[in-house]
Amino acid sequence: MIRSSELRHSFMLMKWIWTQQMFLCLMVSSTSSLVTVYQPPVVASALGQAVMLHCQLNLTLDEKLLTSPVLYWDNMNTKDRLWPQTVDKYINRVQLMDKNANSLNKSILLTSVQWHDSGKYLCKLSINTEKEKCRKLGGGTSLMVYDTMTFKLTSRNDTTTDLLHCKIKVTRDPALVLSVVHNGAKLKSVHQDAAAAQPSVTLSMSEPVRGRGKYECQLHLNTALITKSSFLHNPLVAEEERDADKNVTGTSSPTVAGAVVFPEPWFLYGSLLLVTITILLGIITIWKGKC
Ligand SMILES: *[C@@H]1O[C@H](CO)[C@@H](O)[C@H](O)[C@H]1NC(C)=O
Ligand SMILES: *[C@@H]1O[C@H](CO)[C@@H](O)[C@H](O)[C@H]1NC(C)=O
Ligand SMILES: *[C@@H]1O[C@H](CO)[C@@H](O)[C@H](O)[C@H]1NC(C)=O
């Protein structure tokens with residue numbers, strides 16, 4: 001039977017070894033960082049979708065792993081462990097992308113992302129190389145969640161100006177910015193106010209229409225475009241007086257301003273037809289030649 005004092009002793013010893021290792025590791029890494037763990041700083045995921053949390057172990061050429069690295073993924077906000085899977089809310093929701101234990105790619109896939117998954121995730125690796133034996137941490141990845149974007153145009157009968165409405169629910173984070181763009185030029189952006197407790201916030205804006213062209217509502221995460229919604233505004237009725245020499249047929253019924261237009265790839269259809277005809281002609285020629 002193991003006495004409690006012995007247990008405590010072994011525990012202290014373990015703790016001491018671990019501290020020594022950490023110390024050694026820090027000493028070595030400060031002189032030359034041979035082993036690093038890379039995580040992208042931010043990642044965005046659509047609500048309900050799966051998102052990849054990347055983590056890559058980098059070794060210099062003169063370093064070799066003596067044993068397989070031991071991987072841990074933690075949610076830094078809730079202190080819950082995603083990997084190895086133990087916590088109920090992550091069971092069946094987390095997959096290790098590369099199952100090979102010796103792989104340096106420790107990315108995981110988190111499925112059916114919910115609002116409360118917004119937060120920071122840390123990739124930790126216990127490594128054992130010829131020169132180092134310690135735990136290495138990545139820089140952490142912040143997960144941002146966003147819902148479906150709505151972008152529509154409303155015609156008001158009291159005034160002549162139509163309004164563009166753009167709306168999206170996102171993780172509360174100032175890095176997420178909503179903006180409306182007209183023919184590539186930014187019209188307006190909405191930034192978030194940092195305060196308030198809820199994990200999500202609805203960003204919305206209304207902008208008057210400023211003539212024809214392509215309107216786009218964009219959600220950016222810092223400088224990266226996360227999601228967008230667009231339409232071509234082609235107000236035929238309103239522009240008719242101006243384009244008097246170009247009579248448009250079939251505009252007797254009032255055209256709804258701001259129709260969504262998908263350009264038909266006529267050129268592609270033409271090319272496909274041409275290819276088909278050429279092949280057929282070829283076959284006929286060969287067939288004729290044989291007879
Ligand atoms: C790691 O694996 C994932 C999933 O297979 C892949 O998307 C990612 O590009 C890999 N990372 C590197 C650095 O190769
Ligand atoms: C706008 O249209 C609605 C119904 O389409 C009508 O009830 C309302 O009176 C109209 N308002 C104005 C200012 O014309
Ligand atoms: C356009 O329509 C107007 C009236 O419907 C007509 O008088 C005019 O000749 C037309 N112009 C052209 C270029 O067809």
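Ligands are counted one by one from 1 in listed order, and the atoms in each one are counted from 1 as well.
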List the closest protein heavy-atom neighbour of [atom]: residue, atom name, distance to the nearest 0.1 Å.
atom	value
atom 7 (O) of ligand 1	M52 CE, 3.5 Å
atom 9 (O) of ligand 1	H54 CE1, 4.3 Å
atom 3 (C) of ligand 1	N105 ND2, 3.6 Å

Next item on the list: Before accepting this row, confirm whether a basic side-chain N of the pair D117/R93 lies closer than 4.0 Å to the acidic partner's carboxylate O.
Entry: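 Yes, charged N to carboxylate O under 4.0 Å.
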Notebook entry, point to check: Does a salt bridge link D74 with K79, judged by any charged N lying under 4.0 Å from a carboxylate O?
Noted result: no
Next item on the list: Check each atom of ligand 1 against the heavy atoms of Q56 and keep those under 4.0 Å away; list them by number with element.
Entry: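 In order of numbering, the contacting atoms are 11 (N), 12 (C), 13 (C).
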Next item on the list: Would you mind running through ligand 1 and noting each atom that sits below 4.0 Å from a heavy atom of S107?
Entry: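 In order of number, 1 (C).
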Checklist line | Close side-chain approach of Q95 and T111, heavy atoms under 4.5 Å | finding: yes
Note to self: When you compare the side chain of L71 with that of L96, does any pair of heavy atoms fall below 4.5 Å?
What the structure shows: yes
Checklist line | Lys NZ or Arg CZ of R210 over Y215 ring: under 6.0 Å, within 45° | finding: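 Geometry flag: not set, cation outside 6.0 Å or 45°.
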